[in-house]
J.: 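If you scroll down you'll find the structure; I have some questions about it.
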Amino acid sequence: MVEQPDQAPVVARNPERSLAWEFRHLVPMVAVAVVAVVVWDLIVRWGVWGILFPGPTDVGHALVVFWNSTRLVRAIAATLRRLAVGFLMSLVLGALLAFLMVRFATFGKGIQPYILGLQTFPSIAWVPLALIWFGLSETTLLFVTIIGSVFGVSIAFADALRTVPPLYLRAARNMGSDGMDLILRVTVPAALPHLISAAKVGWSFAWRSLIGAELIFATVGLGFLLESASSVPDIAGVMGVMIVILVIGIVVDQLLFTKTQEWANRRRGLVPHR
Amino acid sequence: MKGAALKLVMLGKRFKGKSGETEALRDVNLQIREGEFVTIVGPSGCGKSTLLSLVAGLEDATTGWVEMDGKRVHGPGADRIVVFQDAALFPWLDVTGNVEFGLRVARVPRRDRKERVARHLATVQLEKFAHARVHELSGGMKQRVALARALVLRPRVLLMDEPFAALDVQIREEMQSVVQDLWQRSGATTLFVTHDVREAAVLGDRIVVLSHRPGMVSQILENHAPRPRTLKDPAVEEVIRRSNEILKAEVQWSNNQTKLLL
């Protein structure tokens, strides 16, 4: 006699899901945005700060002007390109550092306090040194992006790797896996949900560092656009660019991290409730 | 693949902990014939699991050594596979992914791999669950996946570390018959650790009773009852009675020791 399960596992998903259904969880998010804009508009109409506090229509208009002159598109493209390169490099370097910290425990213990210290070190404070080393160049911007995030990434990656249950490693070693094979086949997939959180931490560090560095110097980019609008002063333009920076943050977070994390968790039956 | 003969020679293990050294096993000598089914039973904390880890090569012995077909074993190897108490399946893989794990490590070609996985899923009657995820399985099903994952590698030695301890009584008895069946088919030499005397008596050709810490071989009982066995067989009942007597004496002895120390 064989134990029979009560029911077949739910493997197949409802195939007739529409696109709207797929994005239903965005409804509350959009609702909050609409309410925020309405409240904003009402405050402006109240007229407390006068021209120092433009309303949604002015800001929208400023963004349209930026868009039509292609300045906004070029700024977004330049910033996102720097972010992608810088963040990827910081992931690679951070992973390497984390691996060394976990693999060589004494080294890890020795270096951890310094890395934690460097993680809290304001990334903007690297700019003067970077300017001397690399001049007014792309390299300086990338350097600040990387140095501002790599320490946070490596600490978070190391913590993620340490969460792997030893039993998984025993079972895998028992089946003949070791060395690099063990790391790629067991350690990384076992730590994946935590690794994704770690990357998310790193991305927010990288994003803040990059915009900060662009504010100080750059000839193209969102930080530069923000700075130049401020010096006009184009108040609606400043607020417009700030909103663009915010929206990019939200979109990257939702598309890149929240989605992949849900996917990784769902595969293990750890479904976060919404 | 046939089973291997095992020889445990003066095997001992001490752990260094915060509160000094603990001796888990002392001078365990044991010879196991190829294809034999040996159960190891003893009070909790007698080093049963440590014994399996040493044979698996997942831990190093403090004294003594393990021989397989006359050769000393060093480190872990896919010829000695452990089935752990809580299955230790990988939650990021589905059932097929788990069963083929060792074959992938060994770089078995895809076609061969698929065929072997399918065959072993069929022997544990889980072919319908080939693509189920680990969290969708019941405890008994998880252990059947763990058995398939072990046997698909054609191990010469199967090491079972209280694999059914966490299961309901009914499912445990069913799994005991599954194991007897799979053991007879695979021919792997099997070392089965349990704290359940009844389970040890039903499954083992020989039942090794370990003493309280440090674990030493207290007595070895033989069980000649024909398979498949159940708890109702008179020979099994006799083995259970005698094992219980030995264990009772063990517990009493260790209690007396504690009193003497106090």
Side-chain angles (χ1 to χ4, degrees), chain A residues 1-15 105 160-161 163-199 259-273, chain B residues 53 56-59 75-95 97-98 101-107 124-126 128-141 143-144 146 149-150 152-153 155 159 167-168 170-171 173-175 177-178:
Chain A
M1 200 196 85
V2 162
E3 166 205 3
Q4 288 297 330
D6 297 339
Q7 59 191 64
V10 188
V11 176
R13 305 233 151 67
N14 182 5
L161 294 179
T163 64
V164 176
L167 182 61
Y168 292 158
L169 300 176
R170 277 169 75 86
R173 288 205 297 131
N174 180 236
M175 288 184 278
S177 179
D178 63 357
M180 210 55 199
D181 186 80
L182 184 66
I183 290 168
L184 294 179
R185 240 181 254 285
V186 180
T187 313
V188 171
L192 195 63
H194 293 101
L195 289 174
I196 295 171
S197 310
K259 279 276 169 213
T260 47
Q261 206 152 25
E262 277 174 14
W263 165 81
N265 283 337
R266 201 162 35 229
R267 275 158 50 101
R268 302 155 192 245
L270 307 164
V271 184
H273 65 104
Chain B
S53 295
L58 290 169
E59 279 167 43
D79 49 2
R80 287 156 283 139
I81 293 295
V82 184
V83 177
F84 296 92
Q85 179 175 341
D86 56 358
L89 300 181
F90 301 138
W92 59 91
L93 299 172
D94 63 7
V95 167
N98 271 285
F101 182 91
L103 299 175
R104 276 178 177 273
V105 172
R107 306 201 183 285
V124 294
Q125 307 189 357
L126 282 176
K128 279 188 199 140
F129 295 87
H131 298 292
R133 307 220 65 98
V134 171
H135 65 89
E136 294 164 335
L137 305 176
S138 69
M141 289 160 83
Q143 281 304 1
R144 280 192 271 150
R149 174 173 85 167
V152 78
L153 294 172
L159 304 163
L167 303 181
D168 299 340
Q170 215 180 337
I171 294 167
E173 284 176 12
E174 178 191 308
M175 289 303 293
S177 74
V178 169

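Note that this is a predicted model, so its numbers are computed, not measured. Proteins get letters first, then strands, A, B, ... in listed order; numbering begins at 1 in each.
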J.: Please look at B/Asp86 and chain A and tell me whether the side chain, the backbone, both or neither of the residue comes under 4.5 angstrom of a heavy atom of that chain.
T.: side chain
J.: Give, as side chain, backbone, both or neither, the part of B/Glu59 having an atom under 4.5 angstrom from any heavy atom of chain A.
T.: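 Only the side chain of B/Glu59 comes within 4.5 Å of chain A.
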J.: CZ/A/Arg185 to CZ/B/Phe90 distance, rounded to the nearest 0.5 angstrom?
T.: 10.5 Å
J.: Could you walk me through whether B/Arg104 and A/Met175 pass the side-chain contact (heavy atoms from CB on, under 4.5 Å) test, one step at a time?
T.: CA-CA 10 Å; B/Arg104 276 178 177 273; A/Met175 288 184 278; over 6 Å; no
J.: Would you mind checking which part of B/Leu89 comes under 4.5 Å of any heavy atom in chain A, side chain (CB onward), backbone (N, CA, C, O), both or neither?
T.: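 Contact with chain A: backbone only.
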J.: Output, in order, the C-alpha distance, side-chain angles, deciding distance and verdict of side-chain contact (heavy atoms from CB on, under 4.5 Å) for A/Leu192 and B/Trp92.
T.: CA-CA 9 Å; A/Leu192 195 63; B/Trp92 59 91; over 6 Å; no
J.: Quick one: which of A/Asp178, A/Val186, A/Asp181 has the most heavy-atom pairs under 4.5 Å with chain B, could you say?
T.: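 The option with the most such pairs is A/Val186.
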J.: With a 4.5 angstrom heavy-atom cut-off, could you sort out which part of B/Ala88 is near chain A: side chain, backbone, both or neither?
T.: both
J.: For each of B/Pro76, B/Pro91, B/Gly102, tally heavy-atom pairs with chain A at distances under 4.5 Å, and name the one with the top tally.
T.: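 Between B/Pro76, B/Pro91, B/Gly102, the count favours B/Pro91.
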J.: Name the member of B/Leu159, B/Val82, B/Leu153 that forms the most heavy-atom pairs with chain A at distances under 4.5 Å.
T.: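 The candidate making the most pairs under 4.5 Å is B/Val82.
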J.: Quick one: which of A/Gly176, A/Ser177, A/Pro193, A/Ala264 has the most heavy-atom pairs under 4.5 Å with chain B, could you say?
T.: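 The residue among A/Gly176, A/Ser177, A/Pro193, A/Ala264 with the greatest pair count is A/Ser177.
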